[in-house]
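Sequence lines set the chain letters: A, B, ... in the order given, protein chains first and strands last, and positions in each chain run from 1. None of these values were measured; they are calculated from a predicted model.
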Amino acid sequence: MNNSTRSALVLAALLLPLSSHAHKGWLQPSKTVLNVGQWVTVDAASSTDPFVKDHNAMRLESLLITAPDGSTVAAENLSSGKLRSSFDLQLKQAGTYRLAVVNNGLNASWEVDGQRKSWPPRGQPATAEGFAKEVPAKADKLKVVSSQRRLETFVTAGKPNVTALQPSGVGLELVVAQGVNDLYSNEPATLQFLLDGKPAPKLKVELIADGVRYRNSVGEIELVTDAEGKVKVQWPQPGLYWISTSTEDQNATAPATERRASYTATLEVLSP
Amino acid sequence: MRTPQLSSFALALSGGLLAGPASAAGLDIRIQIPQLDVAEYHRPYVAVWVEREDRSVAANLSVWYQQKRAAAPAAAAPAAGAPPQGNEGGTKWLPDLRQWWRRGGRELSLPVDGLSGATRPVGEHDLQFGDGKTPLPALPAGKYKLMVEAAREEGGRELVEIPFEWPAKAGTPLKAQGKSELGAVSLVVKS
């Protein structure tokens with residue numbers, strides 16, 4: 001092994017855990033409480049600290065915007081830069097919009113003569129044909145994991161409604177009793193997490209307030225859901241909050257044997 | 001500033017010479033919009049409503065907002081009831097009256113006759129609402145709060161509350177003092 005190969009491998013080893021764990025995906029709406037007819041713009045990226053644009057733009061191929069009447073509407077002015085993607089949306093209907101990036105994927109890993117293999121290659125989609133062709137049916141330490149990743153935020157024009165917020169019943173989702181756009185810093189909020197549409201107990205939920213860059217510590221809030229999948233949140237201050245949780249179980253459909261579900265939301269908390 | 005003189009004259013008229021209506025039940029409200037020493041002044045948006053003890057809205061009384069984009073700051077305020085222009089008429093900033101928006105403003109389709117009006121200048125403004133007359137419905141006996149919220153472009157936001165009981169215990173004016181966007185607010189409950 002020559003030096004450059006070795007250093008490349010070391011570099012890859014250093015970078016891999018970072019890119020797979022430490023970077024947080026986020027959507028950042030310009031406002032969440034608006035009047036009918038107004039525009040919002042949303043940035044989407046991943047970075048170490050939420051809402052700090054210093055890493056990678058987010059791919060928005062799987063952006064799904066659900067309008068207050070339950071229909072799907074298209075984003076406008078979609079663009080992707082080096083550090084963030086963005087899109088605009090005009091709130092033509094009164095009610096609550098759900099802006100979600102949903103990625104359902106499949107990952108396989110195994111070993112051949114002690115060497116770790118994985119599929120699909122980074123940045124490439126997982127297709128059934130690719131899986132059949134590339135992943136051996138039997139191999140050392142073969143692990144096939146399905147992933148369900150939902151990243152979302154909500155905006156409301158005029159009076160809120162809940163049509164767009166009906167859980168899909170797939171993976172992790174969030175229900176906010178007070179309303180996703182009716183959060184105030186002087187009122188505790190109850191967030192309920194659902195897994196496949198049912199309350200998800202014992203989830204570790206992490207909350208980070210915007211403005212990490214201007215603090216000496218991240219100041220994350222860590223909570224665990226109760227038997228009903230709920231956590232009670234006391235907002236330390238108004239502003240945007242990045243909220244995330246994930247879980248793993250064996251509830252996977254073939255060819256996967258394990259399932260990883262993750263959920264991330266951006267909620268705006270207003271001052272009273 | 002002539003407005004205070006004018007309005008106290010008007011109040012004297014209604015309280016004295018026009019003795020009939022003065023005894024009618026209702027709410028007399030005086031709201032002072034303070035003079036502010038700022039480089040760029042825009043008249044505040046102001047919402048006035050009555051809140052029940054559970055914070056629900058018993059009556060939406062007034063909302064003053066920019067109903068049309070002024071060509072220049074000096075331009076006269078458009079007539080009340082003028083429709084908002086395009087998507088970005090003055091209604092864009094109504095959610096900045098955060099409490100009002102949350103408690104009921106967002107459910108209204110503005111403009112509403114007898115409720116919405118143009119922004120008002122610095123000075124004292126008198127509002128009279130007769131019990132059972134739009135926009136003040138006949139209030140069941142109970143505890144209420146008069147809520148006055150102001151939000152100003154390039155400025156701040158302020159909420160002033162005056163708790164009161166209906167029917168009134170005595171005709172004494174109830175008072176509250178704003179600190180930034182609102183000046184003195186007073187309420188006379190007549191029943």
Side-chain angles (χ1 to χ4, degrees), chain A residues 29-42 67-69 73 75-77 88-97 153-165 176-189 235 237-241 267-272, chain B residues 45 47 49 51 53-57 60 63-69 83-112 115-116 119 145 147-153 155-161 178-182:
Chain A
S30 52
K31 285 185 175 184
T32 64
V33 176
L34 303 101
N35 209 340
V36 180
Q38 279 186 260
W39 288 85
V40 278
T41 189
V42 180
D69 66 358
V73 292
E76 293 191 46
N77 304 324
D88 297 337
L89 177 68
Q90 189 179 20
L91 310 178
K92 293 176 184 167
Q93 295 177 25
T96 302
Y97 289 73
T153 193
F154 313 91
V155 297
T156 296
K159 189 183 178 183
N161 74 338
V162 296
T163 306
L165 307 182
V176 184
Q178 288 89 339
V180 286
N181 294 136
D182 257 327
L183 302 169
Y184 295 82
S185 55
N186 63 335
E187 298 173 11
W235 311 105
Q237 74 227 26
L240 287 181
Y241 282 81
L267 297 179
E268 187 180 32
V269 176
L270 303 177
S271 61
Chain B
Y45 279 29
W49 74 102
E51 197 172 87
E53 277 193 298
D54 66 359
R55 310 210 66 181
S56 62
V57 176
N60 257 315
V63 57
W64 307 337
Y65 62 100
Q66 190 186 352
Q67 307 204 322
K68 192 178 160 186
R69 283 233 156 142
Q85 299 295 299
N87 302 320
E88 297 266 298
T91 56
K92 173 179 173 179
W93 302 107
L94 286 171
D96 284 1
L97 293 165
R98 285 199 298 271
Q99 276 298 320
W100 173 79
W101 187 251
R102 177 190 193 188
R103 300 296 173 194
R106 64 192 183 187
E107 296 175 26
L108 299 174
S109 179
L110 293 170
V112 175
L115 177 68
S116 46
T119 53
K145 271 184 190 170
M147 310 291 283
V148 181
E149 185 173 24
R152 184 169 51 89
E153 188 179 346
R157 166 191 168 268
E158 184 166 37
L159 180 66
V160 168
E161 309 180 3
K179 293 185 180 72
S180 53
E181 301 299 332
L182 288 166

Check your understanding: When heavy-atom pairs shorter than 4.5 Å are enumerated against chain B, which of A/Pro160, A/Ala157, A/Ala94 gives the highest number?
Key -> A/Pro160
Point to revise | Backbone of A/Ser271 reached by a side-chain donor or acceptor of B/Arg98 within 3.5 Å | key: yes
**Study point:** Which portion of A/Leu34 sits near chain B, non-hydrogen atoms under 4.5 angstrom
**Key:** backbone
**Study point:** Whether over 12 other heavy atoms sit under 6.0 Å from A/Lys159 NZ
**Key:** no
Check your understanding: Taking all non-hydrogen atoms of both residues, which atom of A/Asn35 and which atom of B/Thr91 are closest, and how far apart?
Key -> ND2-O, 2.9 Å
Review point. Should A/Gln38 and B/Pro95 count as side-chain neighbours, where that means a heavy-atom distance under 4.5 Å?
Key: yes
Review point. For the atom pair CG (A/Asp182) and CZ (B/Arg106), what is the distance rounded to the nearest 0.5 Å?
Key: 4.0 Å
